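Source: prediction; values computed, not measured. Counting begins at 1 with the first residue of the sequence.
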Amino acid sequence: MAEPWLSADDIADHLGVTKDTVYAWIADKGMPAHKVGRLWKFQVSEVDEWVRRNGAAEAGN
């Protein structure tokens, strides 16, 4: 079964951060996200792997 796409609100809840933090991580730290029209969509598996690789902890926090 295909993994569902999550919204910025959903991924922020999943990570325990604000939506503003999610947008900052997309812009500044290469958080995996896919633009669909005007919306950002996320796959939990991609985001979790990015976090495990310390994507959120790179210089410039």
Side-chain angles (χ1 to χ4, degrees):
M1 187 167 138
E3 182 178 353
W5 291 95
L6 299 184
S7 69
D9 284 321
D10 293 334
I11 208 70
D13 287 344
H14 175 72
L15 295 173
V17 298
T18 67
K19 191 163 59 168
D20 288 340
T21 298
V22 169
Y23 292 138
W25 285 348
I26 294 167
D28 301 334
K29 298 186 178 199
M31 181 182 204
H34 304 271
K35 192 89 180 225
V36 180
R38 297 180 339 156
L39 303 174
W40 286 103
K41 294 295 181 176
F42 306 85
Q43 297 253 280
V44 171
S45 60
E46 291 178 354
V47 172
D48 285 348
E49 178 59 28
W50 175 78
V51 170
R52 284 187 195 96
R53 290 189 325 259
N54 291 322
E58 291 176 357
N61 270 358

**Request:** Look at the side-chain heavy atoms of Ile, Leu, Val, Met, Phe, Trp and Tyr, link any pair under 4.5 Å apart, and say whether V51 and V17 land in one connected group.
**Result:** yes
**Prompt:** Looking at CG of D13 and OG1 of T18, how far apart are the two atoms once the value is rounded to the nearest 0.5 Å?
**Reply:** 10.5 Å
**Message:** Could you report the tightest heavy-atom contact between A12 and K19, atom names first, then the distance?
**Reply:** CB-N, 3.9 Å
**Item:** H14 side chain reached by D10 side chain, heavy atoms, under 4.5 Å
**Value:** no
**Complete:** What one should report as the nearest heavy-atom pair of G30 and W50 is O-NE1, 3.6 Å
**Prompt:** H34 vs W5 aromatic rings, parallel, tilted or perpendicular, using cut-offs 30° and 60°?
**Reply:** perpendicular
**Asked** Out of curiosity, D28 CG to T21 OG1, how far, rounded to the nearest 0.5 Å?
**Response** 10.5 Å
**Message:** Would you compute the distance between atom CG of L6 and atom NZ of K41 and round it to the nearest 0.5 angstrom?
**Reply:** 8.0 Å
**Request:** Could you pull out the closest heavy-atom pair between M31 and L15, with the gap in Å?
**Result:** CE-CD1, 3.5 Å
**Prompt:** Which heavy atom of F42 sits nearest a heavy atom of P32, and at what distance?
**Reply:** CD2-O, 3.5 Å
